[in-house]
Participant: 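Quick one: structure below, then a few questions.
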Amino acid sequence: MLESAELYFNADHGYLEGLVRGFKAGLLTQQDYINLVQCETLEDLKIHLQTTDYGNFLANQPNPLTASIIDTEMRKKLCREFEYFRNHSLEPLSTFLTYMKCSYMIDNVILLMNGALQKKSVKEILVKCHPLGRFTEMEAVNIAETPSDLFHAILVETPLAPFFQDCMSENTLDELNIEILRNKLYKSYIEAFYKFCKNHGDVTAEIMCPILEFEADRRAFIITLNSFGTELSKEDRETLYPTCGKLYPEGLRLLAQAEDFEQMKSVADHYGVYKPLFEAIGDGSGGKTLEDVFYEREVQMNVLAFNRQFHYGVFYAYTKLKEQEMRNVVWIAECISQRHRTKINSYIPIL
Amino acid sequence: MSGKDRIEIFPSRMAQTIMKARLKGAQTGRNLLKKKSDALTLRFRQILKKIIETKMLMGEVMREAAFSLAEAKFTAGDFSTTVIQNVNKAQVKIRAKKDNVAGVTLPVFEHYHEGTDSYELTGLARGGEQLAKLKRNYAKAVELLVELASLQSSFLGLNAPLLISSQSWMRESEKSSIG
């Protein structure tokens with residue numbers, strides 16, 4: 001019921017909601033982006049960033065500044081903020097934030113699995129892992145010889161265990177292609193997250209469920225598009241589609257049968273939400289790609305999440321918007337450093 | 001006629017015929033040397049021209065490829081570790097062949113594809129289109145690099161014989177002009 005959210009939310013989560021709204025107010029505005037785009041060198045970019053919420057985060061970096069250094073530092077800042085939220089949160093916000101971390105954990109686990117099987121040094125891989133996806137059993141990964149060993153010994157303890165159990169039996173873990181494993185894990189993860197939000201009810205469900213439905217459908221579309229012309233069969237493709245979106249069940253069945261972009265577009269035309277998105281796609285190199293259009297829609301939905309109060313969606317929305325901002329700044333930095341300014345304005349505007 | 005280059009010979013008909021034959025042989029040899037030097041110079045100039053064109057094209061292609069890497073990173077996130085970890089067999093390989101120009105053998109490199117793309121499913125959920133474009137751009141860059149390598153090794157292989165044959169030709173011309 002709506003009243004309970006207004007009455008009890010602030011007691012447990014009011015401080016953190018206030019904090020996240022403060023952080024959101026510090027996101028780069030359109031004016032900031034215009035200033036960044038006009039920079040000639042990365043040093044100029046650094047000076048402009050000093051006037052924003054980022055402050056002196058690049059102050060102690062050695063002199064040849066590169067786009068990847070900027071990326072790492074921004075990611076560290078986001079990670080610090082997120083860990084602060086996570087450490088100060090109470091249930092059920094803690095579970096919500098853990099669910100958010102799971103998607104990064106999945107990527108890290110795939111990376112570690114791959115590295116451990118090829119006998120690479122664990123330390124090198126740990127450096128490359130996403131900081132938000134850290135879990136305590138990470139260093140112990142080099143004990144395992146095969147993926148099923150890895151699962152039994154280590155992953156059973158992590159929050160990822162139910163996702164592994166969902167999608168397969170332990171024997172098949174060994175033969176599975178690493179990308180297919182990654183996508184299957186993500187499918188179980190997003191379905192579990194969706195169920196959690198829905199069961200929580202209240203404003204959180206009203207905000208998060210459409211966002212997660214869009215994420216599930218977007219994944220279905222992108223997987224379909226990228227599997228044209230590869231060896232991925234239609235049945236395999238269908239097992240990778242998350243079922244918690246608007247496309248389930250008829251749309252997913254139609255998508256699994258699609259063989260080219262036109263057929264995929266005709267599936268999207270059945271759904272009022274996706275028809276205008278597909279129509280916004282330009283053709284060839286000048287216009288937007290499907291992925292750009294999806295990113296813009298995601299940013300729109302995340303910004304709208306801040307219009308309601310007393311729900312956990314603000315944390316999800318803030319993290320996603322911050323990530324998009326990081327991608328934008330790194331894109332601008334790369335265009336500047338490679339002196340390739342024709343597409344410098346193709347970042348996704350947020351505010 | 002200088003005193004040093006005189007050949008001592010007994011004046012008879014036979015000696016004259018033999019001398020004429022020797023003269024003819026020497027002239028043919030001289031012409032062949034000139035032809036060799038000319039052919040080598042021609043080939044050298046062609047290679048040089050191609051090297052310059054290829055190098056300019058290389059600059060463009062590498063720039064394009066580096067930019068498409070930035071585009072792919074924008075959409076797909078950081079996939080570099082995944083790619084590096086999954087390296088096993090090479091897909092593009094080089095065959096070395098020999099080419100003969102006026103008696104000088106030059107190496108020629110030719111690339112060929114073998115095996116399937118082991119990164120077909122990378123970027124399945126994000127950025128697949130940009131990754132495909134990235135793969136194409138870098139494949140073009142690699143092919144251009146192979147061509148450049150072939151041209152540059154021909155250049156080096158041709159340099160020494162060209163110098164030697166042109167020096168011999170110079171000495172020959174000097175001698176004949178004095179004599």
Side-chain angles (χ1 to χ4, degrees), chain A residues 67-68 71-72 75 107 110-111 113-115 117-118 120 124-125 127-130 177-180 182-183 186-187 218-220 222-232 236-237 240 285 289-292 294-295 323 327-328 330-335 337-340 342-343 346-348, chain B residues 55-92 113-142 144-145:
Chain A
S68 53
D71 190 26
T72 322
R75 185 164 303 143
D107 285 334
I110 297 283
L111 214 61
M113 250 188 189
N114 226 359
L117 294 176
Q118 297 189 358
K120 301 258 165 69
E124 301 174 351
I125 310 177
V127 171
K128 306 268 173 59
C129 282
H130 198 294
N177 181 330
I178 214 88
E179 290 295 325
I180 298 194
R182 186 204 299 267
N183 284 308
Y186 197 87
K187 167 188 149 94
R218 168 198 197 180
R219 238 177 142 81
I222 300 276
I223 289 178
T224 314
L225 181 63
N226 288 334
S227 61
F228 293 147
T230 67
E231 54 189 29
L232 194 63
D236 281 338
R237 196 205 296 174
L240 299 178
S285 51
T289 65
L290 184 61
E291 308 233 18
D292 286 335
F294 279 153
Y295 269 125
E323 280 189 338
R327 277 197 289 268
N328 286 346
V330 169
W331 170 253
I332 294 176
E334 294 256 10
C335 284
S337 65
Q338 291 187 18
R339 286 188 279 274
H340 205 301
T342 46
K343 286 198 178 170
S346 315
Y347 58 87
I348 312 274
Chain B
K55 277 197 176 168
M56 307 267 262
L57 193 58
M58 192 74 214
E60 286 299 316
V61 168
M62 281 306 265
R63 195 158 170 263
E64 195 54 45
F67 192 64
S68 60
L69 177 61
E71 277 183 339
K73 275 205 283 203
F74 180 65
T75 319
D78 189 19
F79 49 86
S80 53
T81 343
T82 325
V83 169
I84 294 175
Q85 278 189 347
N86 283 330
V87 170
N88 45 6
K89 284 180 70 162
Q91 212 191 334
V92 178
H113 289 271
E114 195 178 44
T116 53
D117 186 3
S118 55
Y119 294 106
E120 224 177 16
L121 294 178
T122 319
L124 187 61
R126 282 210 304 182
E129 215 175 300
Q130 277 78 357
L131 271 170
K133 187 163 144 213
L134 176 69
K135 281 192 248 187
R136 275 197 303 271
N137 281 342
Y138 270 103
K140 223 177 5 168
V142 164
L144 212 56
L145 269 173

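Below, chain A is the first sequence line, B the second, and so on; all start at residue 1.
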Participant: State, yes or no, whether a side-chain contact exists between B/Glu64 and A/His340 at a heavy-atom distance under 4.5 Å.
Facilitator: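 The answer is yes; the side chains approach within 4.5 Å.
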
Participant: Does any non-hydrogen side-chain atom of B/Lys73 lie less than 4.5 Å from one of A/Asp71?
Facilitator: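 Not in contact.
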
Participant: Answer with side chain, backbone, both or neither: which region of A/Glu334 has an atom nearer than 4.5 Å to a non-hydrogen atom of chain B?
Facilitator: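 Contact with chain B: side chain only.
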
Participant: When the ring planes of B/Phe74 and A/Tyr295 are compared, do they come out parallel, tilted or perpendicular, using 30° and 60° as the limits?
Facilitator: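 Rings of B/Phe74 and A/Tyr295: tilted, 30 to 60°.
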
Participant: As an exercise, state the distance from OG1 of B/Thr75 to CD1 of A/Ile348, rounded to the nearest 0.5 Å.
Facilitator: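 That separation rounds to 8.5 Å.
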
Participant: If we only count heavy atoms from C-beta on, is the B/Thr82 to A/Arg182 side-chain gap below 4.5 Å?
Facilitator: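 Yes. Closest side-chain heavy atoms under 4.5 Å.
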
Participant: What is the distance from atom CZ of A/Arg339 to atom CZ of B/Arg63, rounded to the nearest 0.5 Å?
Facilitator: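 Result: 8.0 Å between the selected atoms.
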
Participant: Ignoring hydrogens, what is the shortest heavy-atom contact between B/Ala70 and A/Gln338? Give both atom names and the distance.
Facilitator: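 That closest heavy-atom pairing would be CB-NE2, 4.3 Å.
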
Participant: As a test of understanding, state which of A/Asn183, A/Ile222, A/Ile180, A/Leu225 forms a side chain to side chain contact (heavy atoms under 4.5 Å, CB included) with B/Leu124.
Facilitator: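 The single option meeting the side chain to side chain contact (heavy atoms under 4.5 Å, CB included) with B/Leu124 is A/Asn183.
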
Participant: Measuring heavy-atom distances to chain B, does A/Arg219 have an atom under 4.5 Å in its side chain, in its backbone, in both, or in neither?
Facilitator: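 For A/Arg219, the side chain is the part near chain B, not the backbone.
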
Participant: Is there side-chain contact between A/Trp331 and B/Glu71, with heavy atoms separated by less than 4.5 Å?
Facilitator: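 A/Trp331 reaches B/Glu71 side chain to side chain.
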
Participant: Between atom NE2 of A/His130 and atom CG of B/Asp78, what is the distance when rounded to the nearest 0.5 Å?
Facilitator: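 Taking NE2 in A/His130 and CG in B/Asp78, the distance rounds to 9.5 Å.
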
Participant: Might you point out which heavy atoms bring B/Phe67 and A/Lys343 nearest each other, and give the distance in Å?
Facilitator: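 Minimum heavy-atom separation between B/Phe67 and A/Lys343: CZ-CB, 4.0 Å.
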
